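I have placed the structure first, in the form of structure tokens, so that the comments after it can refer back to it.
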Amino acid sequence: MSAEEPAPRLPPTRRRALQALAAAAAIAAGAGGSLHFLWPRAEGTNVKIGGPFRLKSQDGGTVDSARLTGKPYAVFFGFTHCPEVCPTTLSDLAQAFAAIPDLPADFRVYFISVDPERDTPEVLKEYTSNFDPRIVGLWASPAELPKVAKEFAVYYEKIPTSDGSYTMNHTAVVFLMDRHNKFRSVINYDDPVDTYVRKLKELIAAE
């Protein structure tokens, strides 16, 4: 595939399988559907996004943003019972990774759960294993989550469902952070995969 060719999305069968995984979990929990919000396109603006975080990793350790200086990374807020937006976004990220042969081996997307009650580190690890090993789940406690969400201007809300369970509404964008730990741009949920590829290439090439 040449650099000019758009990266294809996952085959429909693979995409449906991953979406079904989350949808089944949502139905089992009585969560049903949820709303997701795009974040304002911020390229070229002075929007202050990003801040220090130190959160528990799906592998039992911690990820400290202060130790990420020197390498670019991405952040995505979501939850494992998400019926469509989260599995689609993570699938598209995995597809974009495959289209970038020189993507650094230590590049990471940090998937921060907005549903800490259900998304334990163990649950996050099982969920992210369906996508790509460079996607790492992070768990923020109910006390930590509001602060880190505020740092990224992320909206999230628990929505009760008629059966006594709940679902989550949340901002649905990928935040791209450069090697200086500074916000660079976003990838919106409605962006095609070739946009994912272009923006990821720009991120890793930025000084």
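The residues of the chain are indexed from 1 along the displayed sequence. For clarity, every value in this text was computed on a predicted model and none was experimentally measured.
Taking OG of S141 as the start and NZ of K56 as the end, the distance is 9.0 Å to the nearest 0.5 Å. Within the model, atoms OH of Y110 and CD of Q58 stand 10.5 Å from one another, a figure rounded to the nearest 0.5 Å. Once rounded to the nearest 0.5 Å, the distance linking CE of M168 with NE2 of H81 reads 11.5 Å. Atom CG of L176 and atom OH of Y196 lie 10.0 Å apart (nearest 0.5 Å). Atom CZ of R179 is separated from atom CD1 of I204 by 8.5 Å, given to the nearest 0.5 angstrom. T195 contributes atom OG1, which lies 10.0 Å from atom CG of N188 (distance to the nearest 0.5 angstrom).
Proximity of a side-chain donor or acceptor of W139 to a complementary backbone N or O of P116 within less than 3.5 Å is detected. Between the T88 side chain and the V85 main chain, no donor and acceptor come within less than 3.5 Å of each other. With R184 contributing its side chain and K199 its backbone, the two residues share no donor-acceptor pair below 3.5 Å. Between the side chain of N181 and the backbone N or O of M177 there is no donor-acceptor pair closer than 3.5 Å.
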Subject >> Verdict with reasoning, D59 to K125, per side chain to side chain contact (heavy atoms under 4.5 Å, CB included) >> reply: CA-CA 7 Å; D59 297 313; K125 184 172 185 176; 3.3 Å; yes

Original post:
Given T167 and F79, is the side chain to side chain contact (heavy atoms under 4.5 Å, CB included) satisfied, shown in steps?
Top reply: CA-CA 9 Å; T167 186; F79 67 120; 3.7 Å; yes

**OP:** Go through the steps for F183 and F175 under the test side chain to side chain contact (heavy atoms under 4.5 Å, CB included), then give the verdict.
**Re:** CA-CA 7 Å; F183 168 70; F175 298 93; 4.1 Å; yes

**OP:** Show the numbers, then the answer: is there a side chain to side chain contact (heavy atoms under 4.5 Å, CB included) between L68 and F53?
**Re:** CA-CA 11 Å; L68 299 177; F53 62 84; 4.3 Å; yes

Subject >> Intermediate values then yes/no, side chain to side chain donor-acceptor pair (under 3.5 Å), D106 and Y73 >> reply: CA-CA 9 Å; D106 59 355; Y73 63 97; over 6 Å; no

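For T120, the side-chain contact (heavy atoms from CB on, under 4.5 Å) partners two or more places apart in sequence, or in a different chain, are E122, V123. For R67, there are no salt bridge (Lys or Arg N to Asp or Glu O under 4.0 Å) partners two or more places apart in sequence or in a different chain. Scored by the salt bridge (Lys or Arg N to Asp or Glu O under 4.0 Å) test, D178 finds no partners at all (sequence neighbours excluded). With sequence neighbours left out, the salt bridge (Lys or Arg N to Asp or Glu O under 4.0 Å) criterion links E144 to no other residue. Applying the salt bridge (Lys or Arg N to Asp or Glu O under 4.0 Å) rule to R198 yields the partners E202; only residues at least two apart in sequence or on another chain are considered.
Across all their heavy atoms, S65 and P52 have their closest contact at OG-CA, 3.2 Å. For the residue pair P87 and C82, the shortest heavy atom distance occurs at CD-O, 3.6 Å. Here the shortest heavy-atom pairing between T171 and A153 reads OG1-O, 4.4 Å. The shortest heavy-atom contact between L145 and S113 is CD1-O, 3.6 Å. S91 approaches F131 most closely through the heavy-atom pair OG-CE2, 3.5 Å.
Counting only heavy atoms from C-beta outward, the side chains of E151 and I49 never approach each other to under 4.5 Å. No side-chain heavy atom of V173 sits less than 4.5 Å from a side-chain heavy atom of I187. Side-chain contact between F111 and L138 is absent, with no heavy-atom pair separated by less than 4.5 Å. At a threshold of 4.5 Å between non-hydrogen side-chain atoms, the residues I112 and V75 count as touching. Taking 4.5 Å as the limit, every side-chain heavy atom of D132 sits out of range of all side-chain heavy atoms of L93. Put simply, the side chain of V109 reaches to within 4.5 Å of the side chain of F97, judged on heavy atoms. The closest side-chain heavy-atom distance from V197 to I100 is below 4.5 Å. Here the side chains of T89 and Y189 are in contact, with some heavy-atom distance below 4.5 Å.
Inspection of the T161 and D163 side chains reveals an N or O donor paired with an N or O acceptor under 3.5 Å. With 3.5 Å as the limit, one finds no donor-acceptor pair spanning the side chains of Y127 and D119.
Residue pairs meeting the salt bridge (charged side-chain N to carboxylate O under 4.0 Å, His left out) criterion with at least one member in residues 107-117, sequence neighbours excluded: D115-R118, E117-K158.
The distance between the ring centers of Y156 and F77 does not fall below 6.0 angstrom. Residues H170 and Y155 place their aromatic rings such that the two centres sit no closer than 6.0 Å.
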